[in-house]
Amino acid sequence: MELGFWSVVPPLLTIILALVTKNVFISLLIGILTGGVILSGGFFAGINAGMYYIAEAMTSSNTIIIGSVLMTAAIIYLAEKSGGIEGFVQVVVKRKGLIKTKRGANIFTWLLGLVVFTSGTLSCMVTGSVSRPVNDALKVPHEKSAFIVHTTSTPWCVLFPFSGWLAAMAGYLVSGGVPEAESVSMLFKSIFLNFYCILAIVMVFVLAITQKDFGPMAKAEKRAAETGMLDDPKHGAKANSDTSAAVSGAKPRALNLLLPVGVLIAVMFITLFVSGGGNLMKGSGMQALLWAVSCSLLVAAILCVAEKIFKPGEVIDEIFNGMKGMLPIAFVLLFGFTMGNIVKALDTGAYLSSLFQRFLSPALLPALTFLIALLISFATGTSMGTMAIMSVLALPMAYDMGTSIPLVAGALFAGSIFGDHASPISDTTIMTCSTTGCDIIDHIKTQFPYVASIAAVSFVLYIIFGFVM
């Protein structure tokens, strides 16, 4: 079914409404229902179809992700109540003074993001949750911490794909015509030509070192420095408050945070190793995520009971109390997954790609591949979906035109990550904001001058390399 321009309307409407209304939940819901109307051809039938799309989005992998978000919230909540957050802040900021400045907090967040490289989803959850108390203690605005956490998630997973990303990306190359025996080597060649992700990681490090910001981010830094407010007061001050207080009498212990987080990371790698038959890169990412957060939550609960902070029955209640605060984010994630399914049904990516094919030439193919992937990923909020679309469109043309395959592959991967990084309907955008405490629209608004600048430079580089290589 060819819907032409109508296939772009739901994701485009969602993005416009999110930016105008500042409410991603309602914007996604309207976009979903609009997509249902377009696909079904009738208003009431469309509303019904939209509701069923939401129900159908509860697939096993999506449920694991949503469940993991809720359990991660419970882990951090128990760490707060048991004095783990306070103890961690005392060790790295106050008593030991390991991190004394905003610069140190920014670099710490950046390094932590690079350590958790196996999944963009997991990176956002772990890096955001662990770094938040340090960033809050040193008055780093939530917009800045969100930018660092988000940039070191999926962009780094693509540059350092020693996880399920390697198999997925190599598979996309094969689907585009790259011989299977050459797919992995071709992938590694393309990594050095993924200009957007490379520049994004480097830019965050430079900004952390120099502490020189511009645009809305500079205003956010000034607000935090002068008033101590970590969020724009227009969007509420709930995230400006310190982490919830520990239970009375609970001794601050960094172990109560570090042990559950350490278990989470360790179990994740062990599960990847076991499920992959001894090969981390072949392991099941969803299985690793489920086991990691489950074991981590169990350890956090055991610590609370062992230290007599809560009784066994009470710790169960506290787990649900921790999850309760993340329920709105869980529903936004569900709607985000639903929008992704609707975009696939509408065939939005293929339509956007067809608009640009008339402009393709051998030298300009890499730049236009990057631009098309950028637009598709921003409109759909999905990197994997964009990679799947662009690989079967751009790579065959690269072979026919004699254009460098690694360069075109690097361009399609780079453009695909842009949307995951910059779109308000991306799942990593939602999760980054949930763990750092940043409002979604504030995050998009403050980081956009940065990501747009990186995209512009990348586009120019693809033009230059298109003529050189």
Side-chain angles (χ1 to χ4, degrees), residues 61 65 113-114 116-124 151-201 268 272 275-276 279-289 340 344 349 353 365-366 369-370 372-374 376-378 380-399 403-423 426-428 458 462 465:
S61 59
I65 292 174
L114 300 190
V116 188
F117 61 86
T118 58
S119 163
T121 301
L122 189 63
S123 179
C124 292
T151 305
T152 54
S153 60
T154 311
W156 178 243
C157 291
V158 171
L159 292 179
F160 198 73
F162 294 97
S163 62
W165 279 89
L166 181 61
M169 294 168 70
Y172 292 139
L173 294 180
V174 172
S175 70
V178 176
E180 189 171 342
E182 301 175 11
S183 60
V184 174
S185 62
M186 191 70 72
L187 172 59
F188 283 111
K189 290 177 183 178
S190 74
I191 288 174
F192 297 99
L193 298 169
N194 189 334
F195 301 131
Y196 178 82
C197 293
I198 292 172
L199 292 174
I201 296 294
M268 176 190 66
L272 284 172
S275 63
N279 189 336
L280 285 173
M281 292 178 286
K282 293 182 178 180
S284 170
M286 287 297 104
Q287 189 175 345
L289 183 59
K344 290 179 183 177
S353 299
L365 179 59
T369 296
F370 173 73
I372 297 169
L374 179 151
I376 294 174
S377 62
F378 186 78
T380 62
T382 170
S383 55
M384 285 290 193
T386 305
M387 290 177 188
I389 293 167
M390 290 304 300
S391 59
V392 297
L393 292 172
L395 293 176
M397 285 189 287
Y399 275 110
T403 309
S404 169
I405 302 300
L407 182 60
V408 173
L412 78 86
F413 289 140
S416 298
I417 292 300
F418 176 86
D420 185 272
H421 193 200
S423 176
S426 165
D427 58 344
T428 55
S458 301
Y462 284 120
F465 276 71

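The structure presented is a predicted model; accordingly, all values stated were derived computationally and were not measured.
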Testing the basics here: between Ser377 and Gly415, what is the closest heavy-atom pair and its distance to 0.1 Å? OG-O, 2.8 Å
So CG of Leu395 and CG of Leu412: to nearest 0.5 Å the spacing works out to 5.5 Å
For Pro366 versus Val408, what's the shortest heavy-atom pair and its separation? CG-CG2, 4.1 Å
For the CD1 atom of Ile376 and the CE atom of Met387, what is their distance to the nearest 0.5 Å? 12.5 Å
Shortest non-hydrogen contact between Ser275 and Gln287, atoms and distance: CB-OE1, 3.8 Å
Heavy-atom count around Tyr399 OH within 6.0 Å, excluding the residue itself: above 12? yes
Here the gap from Ile372 atom CD1 to Leu365 atom CG, rounded to the nearest 0.5 Å, amounts to 8.0 Å
So, Tyr462 side chain and Leu407 main chain: donor-acceptor pair closer than 3.5 Å or not? no
May I have all residue pairs that pass side-chain hydrogen bond (donor to acceptor under 3.5 Å, both in side chains) and include part of residues 403-416, sequence neighbours excluded? none
Ring centroid separation for Phe465 and Phe195, is it under 6.0 angstrom? yes
Roughly how far apart are Leu114 CG and Ser153 OG, rounded to 0.5 Å? 11.0 Å
Side-chain contact, heavy-atom cut-off 4.5 Å: Asp427 with Asp420? yes
How close do Pro406 and Ser190 get, heavy atom to heavy atom, and via which atoms? O-CB, 3.4 Å
Just how far is it from atom CD1 of Ile417 to atom CG of Leu374, taken to the nearest 0.5 Å? 11.5 Å
Yes or no on side-chain contact (heavy atoms from CB on, under 4.5 Å) for Trp156 and Ser123, after CA distance, side-chain angles and deciding distance? CA-CA 10 Å; Trp156 178 243; Ser123 179; over 6 Å; no
With heavy-atom distances below 4.5 Å as the criterion, would you say the side chains of Ile191 and Phe160 are in contact? no
Residues in side chain to side chain donor-acceptor pair (under 3.5 Å) with Thr151, at least two apart? His421
Please give me the minimum heavy-atom distance between Phe370 and Ser458, naming the atom from each residue. CZ-CB, 3.8 Å
Report the distance from atom OG of Ser183 to atom CZ of Phe188, rounding to the nearest 0.5 Å. 10.0 Å
Side-chain contact test, heavy atoms from C-beta onward, threshold under 4.5 Å: evaluate it for Leu187 versus Phe413 and give yes or no. yes
List the atom of Ser426, the atom of Gly419, and the distance in Å for their closest heavy-atom pair. CB-O, 3.9 Å
